[in-house]
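Here's the structure, in C-alpha cells; my notes come after.
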Amino acid sequence: METENRANFTYMGRSFDTNYNDDSSAFSDCNSDRSGEFPTTSSQSRRLLMACVSENSDDLIRQLVADLESCSIDEQKQAAMEIRLLAKNKSENRLKIAKAGAIRPLISLIASSDLQLQENGVTAILNLSLCDENKELIASSGAIKPLVRALKTGTPTAKENAACALLRLSQIEENKIAIGRSGAIPLLVNLLEAGGIRGKKDASTALYSLCSVKENKIRAVESRIMKPLVELMADFGSNMVDKSAYVLSLLVIAPEARTALVEEGGIPVLVEIIEVGSQRQKEIAVAVLLHVCEDSVVYRTMVAREGAIPPLVALSQSGTNRAKQKAETLIELLRQPRSGSTAARTSDVSV
C-alpha cells in the first residue's frame with residue numbers, strides 16, 4: 001500500500017515543508033452515538049439496563065448476544081439497542097461484548113432491510129470500534145462492505161455512524177485500501193455534499209483519513225469531491241472551512257486534484273481565505289496554492305490576477321513563522337516572468 005506524506009518543497013535552494021500546525025482541533029475523532037437519539041418508549045428498559053449492568057454485566061451480555069440471533073426482529077432490535085448502549089456508556093464493556101461473540105451477528109444486522117435494526121447494528125459496531133483492540137476483529141469479520149451499504153441505504157444517523165465506524169477501521173493502515181475499493185469514497189463525498197452538519201463533519205473526517213492513500217485520492221477526485229470542498233470553504237458560516245481545507249491539502253498533491261480544484265473555482269476561494277481567514281486557514285490556503293502553482297505558469301497567472309499578492313505580502317509580515325515562509329515563497333513564484341526562457345520550470349520547485 002502506498003501512503004503519501006505531505007510533500008516538502010525545495011525551491012531556490014531553500015527547503016521547507018507544507019505540513020500544517022495541528023489538525024487535531026479541526027478533526028475531533030468520531031464519538032459514540034448520542035443518547036438523545038433513542039425513542040422515549042425505550043427509556044424504562046434503558047434505566048433497568050443501566051441499573052443492573054454493573055452487578056451482572058457478563059450474564060446480561062451473553063443473553064443479549066444470544067438475542068441478536070433470535071427469530072424475532074423485535075428481540076433483535078432490543079438486544080442490538082442495549083448492546084449499543086452498553087458499548088457507548090462503559091468502555092470496559094466493549095471488550096466484554098466483543099469477546100462474547102457479538103461482532104458477527106451485529107454485522108449481519110447491518111444488512112437488514114429494517115432500517116432501525118440496521119441503525120442499531122451500525123451504531124453498536126461503531127461503539128465497539130472505539131476500543132482499539134476490537135478494530136482488527138471487526139474488519140476481519142467482514143464489517144467493511146455492510147458499513148458501506150449502510151452509507152448508501154441507511155437512515156441519516158446510520159449513515160453518519162457508518163462513516164465514523166469506517167474512520168475507526170481506517171486507522172489500521174491496511175484497511176484504507178479495502179475501504180476505498182469497497183465503494184465508500186463516492187458515498188462519503190455524497191454525505192459531505194448533502195448530509196446535515198454532523199454528516200458533513202463525519203464524512204470529512206473519514207475522507208481525511210482515507211485520502212492519505214494515493215488511490216483513494218484519485219477516487220475522491222473522480223467522485224467530484226472538489227465541488228463540495230470548494231463550496232464549504234467559501235461558506236465561512238458553515239463551520240467546515242478548516243476541515244474542508246485539510247482534506248484539500250491531502251488531495252492537492254495529485255495533479256488530477258489540482259486540475260479539478262481550478263475547474264471548480266477554487267483559486268478565488270483560496271485567495272479570499274488568505275485575505276480574511278483565521279491564521280490556520282491562511283496557512284493551509286497558502287500551502288495549497290503552492291502546490292497549485294508549483295508546475296503551472298497558467299495557474300500562477302490566475303492566482304496573481306485574483307489579487308493574491310497584497311494579502312500574501314500582509315501574511316508574510318504578520319503571520320506565523322511557517323505562514324510567513326510559505327507566503328514569501330509563493331510571492332516569489334507569482335512574481336517570476338510568465339513567458340519566455342526565464343519562466344519557471346517544473347524543476348524549480350520539487351516535491
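Numbers for residues simply follow the sequence, beginning at 1.
- Leu192 places a side-chain heavy atom less than 4.5 Å from the side chain of Leu229.
- Note: Arg62 CZ to Ile97 CD1 = 13.0 Å, rounded to the nearest 0.5 Å.
- Counted by atom type alone, Asn161 and Arg198 present one or more donor-acceptor pairs between their side chains at under 3.5 Å.
- Between Leu64 and Leu68, the closest side-chain pair of non-hydrogen atoms is not below 4.5 Å.
- Between the side chain of Asp202 and the main chain of Ala163, no donor-acceptor pair closer than 3.5 Å is present.
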(request) Could you check Gln279 against Leu315 for side-chain contact (heavy atoms from CB on, under 4.5 Å), going step by step and ending with a plain yes or no? (result) CA-CA 9 Å; Gln279 285 295 322; Leu315 184 60; 4.0 Å; yes

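- Using a 4.5 Å cut-off on side-chain heavy atoms (C-beta onward), Lys326 and Glu283 make contact.
- By the criterion of side-chain heavy atoms lying less than 4.5 angstrom apart, applied directly or through intervening Ile, Leu, Val, Met, Phe, Trp or Tyr residues, Ile185 is not grouped with Ile218; the two fall into different hydrophobic clusters.
- Remark: the backbone N or O of Ala206 is not paired with any side-chain donor or acceptor of Ser209 at under 3.5 angstrom.
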(request) Applying side-chain contact (heavy atoms from CB on, under 4.5 Å), run through Gln317 and Val313 and close with a yes or a no. (result) CA-CA 6 Å; Gln317 296 170 348; Val313 170; 3.7 Å; yes

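- Of the possible polar contacts, none joining the Arg168 side chain to the Lys135 backbone as a donor-acceptor pair under 3.5 Å is found.
- Looking at heavy atoms from C-beta onward, Leu312 lies out of side-chain contact with Leu289 at the 4.5 angstrom threshold.
- Side chain of Ser70 to backbone of Ala66: no donor-acceptor contact under 3.5 angstrom is found.
- Side chain of Arg94 to backbone of Leu128: no donor-acceptor contact under 3.5 angstrom is found.
- Note that CE of Met233 and CG of Leu248 are 4.5 Å apart. Values are rounded to the nearest 0.5 Å.
- With rounding to the nearest 0.5 Å, the separation of CG in Leu330 from CD in Gln325 is 12.5 Å.
- Listed for the Ser140 side chain is a donor-acceptor partner under 3.5 Å among the backbone atoms of Leu137.
- Within 6.0 Å of the CD1 atom in Ile73, the count of heavy atoms belonging to other residues, nucleotides or ligands does not exceed 12.
- At a threshold of 4.5 Å between non-hydrogen side-chain atoms, the residues Arg258 and Val262 do not count as touching.
- Interatomic distance, CZ of Phe236 versus OG of Ser278, reported as 8.5 Å (0.5 Å rounding).
- The residues Arg219 and Glu215 are annotated as salt-bridged, a charged nitrogen and a carboxylate oxygen being separated by less than 4.0 angstrom.
- The two residues Leu270 and Ala285 come nearest to each other via the heavy atoms O-CB, 3.8 Å.
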(request) May I have the step-by-step check of side-chain contact (heavy atoms from CB on, under 4.5 Å) for Leu210 and Leu188, ending in yes or no? (result) CA-CA 10 Å; Leu210 292 168; Leu188 288 168; 3.6 Å; yes

(request) I would like to know whether Asn93 and Lys96 meet side-chain contact (heavy atoms from CB on, under 4.5 Å); could you show each step before the answer? (result) CA-CA 5 Å; Asn93 285 337; Lys96 288 183 179 180; 3.9 Å; yes

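- Contact annotation: the side chain of Leu251 approaches that of Met226 to within less than 4.5 Å [non-hydrogen atoms, C-beta and beyond].
- When every heavy atom of Pro146 is checked against every heavy atom of Ala143, the shortest pair comes out as CD-O, 3.3 Å.
- Put simply, the side chain of Tyr299 reaches to within 4.5 Å of the side chain of Thr259, judged on heavy atoms.
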(message) Run the side-chain hydrogen bond (donor to acceptor under 3.5 Å, both in side chains) test on Gln63 and Asp59 for me, step by step, so that the C-alpha distance in whole Å, both residues' side-chain angles and the decisive distance to 0.1 Å come before the verdict.
(response) CA-CA 6 Å; Gln63 182 59 55; Asp59 290 343; over 6 Å; no

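- When the side chains of ILVMFWY residues are joined at heavy-atom separations under 4.5 Å, either directly or via intervening members, Val221 and Ile253 end up in two distinct hydrophobic clusters.
- Nearest approach of Ile284 to Ser249, heavy atoms of both residues: CG2-CB, 4.2 Å.
- Residue Ala158 comes nearest to Val122 through the heavy atom pair O-CG1, 3.6 Å, listed as atom of the first residue, atom of the second, then distance.
- There is a path of hydrophobic side-chain contacts, each under 4.5 Å, that joins Leu261 to Leu207.
- A heavy-atom distance below 4.5 Å is not found between the side chains of Met240 and Asp235.
- Ion pair Arg224/Glu264 flagged as a salt bridge, since at least one NZ, NE, NH1 or NH2 atom sits closer than 4.0 Å to an Asp/Glu carboxylate oxygen.
- At least one donor-acceptor pair under 3.5 Å links the side chain of Ser238 to the backbone N or O of Leu232.
- Under a hydrophobic clustering in which Ile, Leu, Val, Met, Phe, Trp and Tyr are joined whenever their side-chain heavy atoms come within less than 4.5 Å, directly or via other members, Ile172 and Val213 fall into different clusters.
- For the side chain to side chain contact (heavy atoms under 4.5 Å, CB included) with Gln78, the qualifying choice from Glu75, Gln76, Met81 is Met81, the only one to do so.
- Of all the heavy atoms in Asn120 and Arg84, the pair that sits closest is OD1-NH1, 2.7 Å.
- Heavy-atom neighbours of Lys145 NZ from other residues, nucleotides or ligands within 6.0 Å: at or below the threshold of 12.
- With hydrogens and angles disregarded, no donor-acceptor distance shorter than 3.5 Å links the side chain of Arg300 to the backbone of Leu334.
- Side-chain atoms of Asn216 come within 3.5 Å of backbone N or O of Lys176 as a donor-acceptor pair.
- How far CD of Glu133 is from NZ of Lys99: 8.5 Å, rounded to the nearest 0.5 Å.
- For Ala165 against Ser129, the heavy-atom pair with the smallest separation is CA-OG, 4.5 Å.
- Lys217 contributes a side-chain N or O that, together with a main-chain N or O of Cys211, makes up a donor-acceptor pair within less than 3.5 Å.
- With rounding to the nearest 0.5 angstrom, the OG atom of Ser223 is 8.5 Å from the CG atom of Leu187.
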